[in-house]
Trainee: 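Handing you this structure, nothing more for now.
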Amino acid sequence: MTMPGSAAWEPTAAQAIIDQLKSKPGALLPILHAIQDRFSYIPEEAVALIASALKLTRAEVHGVISFYHHFRTHQPGRHVVEICRAEACQAQGARALEAHAKAALGVDYHQTTADRTVTLEPVYCLGNCACGPSVRVGDDIHARVDAQAFDELVESLKTERVEVR
Amino acid sequence: MTYRIHVPSDTTAKSLGADRIARTVEQLAKEQGVDLEIRRNGTRALYWLEPLIEVDTAEGRYGFGPVKESDLDSLFAAEFWKGAVEHPLALGLVEEIPYLKRQERLTFARAGVTDPLSLEDYKAHDGYKGLENALALSPQVIVDMVKESGLRGRGGAAFPTGIKWQTVLNAPADQKYIVCNADEGDSGTFADRLVMECDPFMLIEGMTIAGLAVGATQGYIYLRSEYPLAQKNLNAAIETAYANNLLGENIQGSGRHFDLEVRLGAGAYICGEETSLLESLEGKRGLVRAKPPLPAIVGLFGKPTVVNNVLSLAAVPFILDQGAKAYADCGMGRSRGTLPFQLAGNVKQGGLVELAFGPSLRELMFEFGGGTRNGRALRAVQVGGPLGAYLPESQWDTPLDYEEFAKVGAVLGHGGVVMFDDTVDMGEQARFSMEFCVAESCGKCTPCRIGSTRGVEVIDRIRAGENVEANLELLSDLCETMVDGSLCAMGGMTPFPVQSAMKHFGEDFVKNASNAPALAEEV
């Protein structure tokens, strides 16, 4: 199972990522992706480094980060669980799944469980529309997720062995 | 003797356990001393049969599906690798399955047949013949072929592809770009994903031909971040294409040059709108640009740019290989060629159905789809994504054709068909359309940014029974303002599902209203 990167913040590592990508045309999105992939979110400190490297203001960088749903500025839980909210999944029971997920985890969208295992996010379509409701965890997509399958999935995330690095 | 089997590897097959199946098959084969070669194909996209294991035989490929891990012992006992054996999951020859046999797979001819990342496989199935032809042709001749094929943009707007290419070809510039719009955000659609996951070389070839046609040397695939497997497969295929001199400098010794890179979106539906996409590629907020100027004249980084959908570019290798006429011979009226329809939502036999334009929506949903998955009555169908109208039963005989759909106030869009049973609350669906627009509006124009928020509020008031008649009128008025006053299709089409829900399913809006009875009859 792929987990979002969770390396601790290191300015030198961030600077290396930025330096590697900054000369690409339209470099900002590739840089933001690379930073988030590495640190699991885009720390405030990174914004200043990016702005300086691309000769943008911090406000401009912040404006781009806040425009896109994918980018986050706070550290998520160990797993980000995304539930598809779009119509094809609605037609197969996604609304009931959403309600169940929120109740079972005790969080709303964009929130993280108290044990920091799961951050719940909505997503608008995973392209798995013939076999919904669909849920994404890391790079894995799960099909036909009902309440029971969701509980089993969360249980497997909770009990997953934590890798010691 | 070695037996060869195929286990699908696209996102949906994986989401249904195909990777686990492949691993267990491998393990069982080893334990039982069966000499099996397990290949990973893409998928045929007959999704109710996934995971669908296929077995190579002299007569063709035999299929078994949908396979669960618990079926493997009995499949091994039946020696499934021999193909024509008795088993409850035996499907016979895959290409004889009516769902597949009745299709006209031009763009998706290789999907599920080949190993997506094998260039050898791609070439063995007519791959790169189109580019080979194109390298010997002048740009104008290539553009003329695309024009003659009648190919229209498959992203939703259905603009003639050849005319767009001509505009870019005619525009003088030191740098031009080919941009592939792979931000397939419409719910109910997955055809772009299938191309990228199951046949990525086809898209690469199509973009390379587009580059030759208009004189562009750099291409970008703007891919949505919700498609991690497509990203992986595209990057792997691009690397292989570079290694084989099919991308980069001096392609196949022709002196022509084309570079290609995948760029990832970041979860913004609006970036499927071409000008918003270009802003995003430039590293900015995805704010929609006013048109004119057209992207064909002033596009990416201010240069002439072809922006085409995945399916439009994927159709190009076939046209260059088989000729414009072969493509144009399919279809009806001004809708030429094939459109890959995608059956989704509450459907028994969901998947990809590539057909020439013309059959009715009803045929698609019942003869292919087999009705709803849970067996309840089908009530509403949304065609063309979240900005497409909901069609009631009285419109299901509409032929699948851009113009015929327009006549009933609907759109074909990207070919997504989302089916809902009779438990659907169309008032709730209408509210969602507005809510989606609130979340996804880029905020540049007022009708879309503010109108969608007001739309949610008004629908909430109607559904709560507040001043229903006046609020329904207000909602109609708001929808008209959004249609007429928005800068792009986001605000301009969000009202389509709302208006169609009001028109055809008005009773749902007022069913919870305390003053509903009198009004319900009026609606």
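All chains are named by letter (A, B, ...) in the order of the sequence lines, taking the proteins before the strands, and each is independently numbered beginning at 1. All figures in this text were calculated on a predicted structure; none of them were measured in a lab.
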Trainee: Which heavy atom in Ser66(A) sits nearest to a heavy atom in Arg285(B), and how many Å separate them?
Mentor: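 Residues Ser66(A) and Arg285(B), closest heavy atoms: OG-NH1, 3.7 Å.
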Trainee: Would you say that more than 12 heavy atoms from the other residues, nucleotides or ligands in this model lie under 6.0 Å from the CZ of Arg58(A), or not?
Mentor: no
Trainee: Count the heavy atoms of every other residue, nucleotide or ligand shown that sit under 6.0 Å from NE2 of His62(A), and state whether that count exceeds 12.
Mentor: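 No.
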Trainee: Can you tell which part of Val123(A) gets under 4.5 Å to a heavy atom of chain B, answering side chain, backbone, both or neither?
Mentor: side chain
Trainee: Is Tyr177(B) close to Pro25(A) at the side-chain level, that is, under 4.5 Å between some pair of heavy atoms?
Mentor: no
Trainee: Only pairs of heavy atoms separated by less than 4.5 Å count here; which of Trp48(B), Tyr220(B), Phe301(B) has the most with chain A?
Mentor: Phe301(B)
Trainee: Ala91(A) and Val418(B): which non-hydrogen atoms are nearest, and at how many Å?
Mentor: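 Closest approach of Ala91(A) to Val418(B), heavy atoms only: CB-CG1, 4.4 Å.
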Trainee: Select one option (side chain, backbone, both, neither) describing which atoms of Asp421(B) are under 4.5 Å from chain A's heavy atoms.
Mentor: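 Neither part; nothing is under 4.5 Å.
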Trainee: Quick one: pull up CZ in Arg95(A) and CZ in Phe432(B) and give me the separation to the nearest 0.5 Å.
Mentor: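 These two atoms lie 7.0 Å from each other.
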Trainee: Does any non-hydrogen side-chain atom of Leu16(B) lie less than 4.5 Å from one of Arg144(A)?
Mentor: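 Of all side-chain heavy-atom pairs linking Leu16(B) with Arg144(A), at least one is under 4.5 Å.
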Trainee: Which region of Glu261(B), side chain (C-beta onward) or backbone (N, CA, C, O), has a non-hydrogen atom less than 4.5 Å from a non-hydrogen atom of chain A, or is it both or neither?
Mentor: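 Contact with chain A: side chain only.
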Trainee: Using 0.5 Å steps for rounding, measure from the NZ atom of Lys14(B) to the CG atom of Asp140(A).
Mentor: 8.5 Å
Trainee: Side chains of Gln90(A) and Gln382(B): does their closest heavy-atom pair fall under 4.5 Å?
Mentor: no
Trainee: Look at Glu428(B), Glu282(B), Glu184(B), Lys284(B) and state which one has the largest set of heavy-atom pairs under 4.5 Å with chain A.
Mentor: Glu428(B)
Trainee: What is the distance from atom CD of Glu226(B) to atom CD1 of Ile141(A), rounded to the nearest 0.5 Å?
Mentor: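 That separation rounds to 9.0 Å.
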Trainee: With a 4.5 angstrom heavy-atom cut-off, is it the side chain or the backbone of Glu435(B) that approaches chain A, or both, or neither?
Mentor: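 Only the side chain of Glu435(B) comes within 4.5 Å of chain A.
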Trainee: Is it the backbone or the side chain of Leu281(B) that comes under 4.5 Å from a heavy atom of chain A, or both, or neither?
Mentor: backbone
Trainee: Report the option among Gly345(B), Gly351(B), Gly283(B), Gly443(B) that has the most heavy-atom pairs separated by less than 4.5 Å from atoms of chain A.
Mentor: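 Among the listed options, the one with the most contacts to chain A is Gly345(B).
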Trainee: Is a side-chain donor or acceptor of Arg373(B) paired with a backbone partner of Gln92(A) at a separation under 3.5 angstrom?
Mentor: no
Trainee: Can you see which heavy atom on Ala88(A) is nearest to which on Ala344(B), and at what distance?
Mentor: CB-CB, 4.2 Å
Trainee: State, with a plain yes or no, whether a side-chain heavy atom of Cys125(A) is found less than 4.5 Å away from one of Phe190(B).
Mentor: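 Of all side-chain heavy-atom pairs linking Phe190(B) with Cys125(A), none is under 4.5 Å.
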Trainee: Chain A: which of Gly350(B), Gly416(B), Gly265(B) shares the most heavy-atom pairs with it under 4.5 Å?
Mentor: Gly265(B)
Trainee: Quick one: of Arg193(B), Met419(B), Gln218(B), who has the most non-hydrogen atom pairs under 4.5 Å with chain A?
Mentor: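 Winner by heavy-atom pair count: Arg193(B).
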Trainee: Less than 4.5 Å apart, any side-chain heavy atom of Cys271(B) and any of Tyr68(A)?
Mentor: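 Yes, at least one pair of side-chain atoms sits under 4.5 Å.
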Trainee: Among Ala45(B), Gly286(B), Pro386(B), Ala230(B), which residue forms the greatest number of heavy-atom pairs with chain A at distances under 4.5 Å?
Mentor: Gly286(B)
Trainee: Quick one: what part of Ser225(B) sits under 4.5 Å from any heavy atom of chain A, side chain, backbone, both or neither?
Mentor: both
Trainee: When you look at NZ of Lys232(B), are more than 12 heavy atoms from neighbouring residues, nucleotides or ligands closer to it than 6.0 Å?
Mentor: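 Incorrect, the count does not exceed 12.
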Trainee: If you tally heavy-atom pairs under 4.5 Å against chain B, which of Val64(A), Leu54(A), Val145(A) wins?
Mentor: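 Highest number of pairs under 4.5 Å: Val64(A).
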Trainee: Judged by modelled atom types alone, do His69(A) and Glu440(B) share a side-chain donor-acceptor pair under 3.5 Å?
Mentor: yes
Trainee: Is Ala439(B) in contact with chain A via its backbone, its side chain, both, or neither, using a 4.5 Å heavy-atom distance?
Mentor: both
Trainee: Does a side-chain heavy-atom distance below 4.5 Å link Leu29(A) with Ser280(B)?
Mentor: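 In contact.
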Trainee: Identify the heavy atoms of Phe67(A) and Ile270(B) that sit nearest to each other, and give their distance.
Mentor: CZ-CG2, 3.8 Å
Trainee: Hey, could you give me the CZ/NE2 distance between Arg224(B) and His70(A), rounded to the nearest 0.5 Å?
Mentor: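 If we round to the nearest 0.5 Å, Arg224(B):CZ and His70(A):NE2 are 12.0 Å apart.
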Trainee: Step through it carefully: locate the ring centre of Tyr124(A), locate the ring centre of Tyr269(B), and say whether they are under 6.0 Å apart.
Mentor: no
Trainee: State, yes or no, whether a side-chain contact exists between Cys131(A) and Glu50(B) at a heavy-atom distance under 4.5 Å.
Mentor: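 In short, these two side chains do not touch, never coming nearer than 4.5 Å.
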Trainee: Under 6.0 Å from the NZ atom of Lys102(A), do we count more than 12 heavy atoms belonging to anything else shown?
Mentor: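 Correct, the count exceeds 12.
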Trainee: Given that the side chain runs from C-beta out, which part of Arg85(A) has a heavy atom under 4.5 Å from chain B: side chain, backbone, both or neither?
Mentor: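 Both parts, backbone and side chain.
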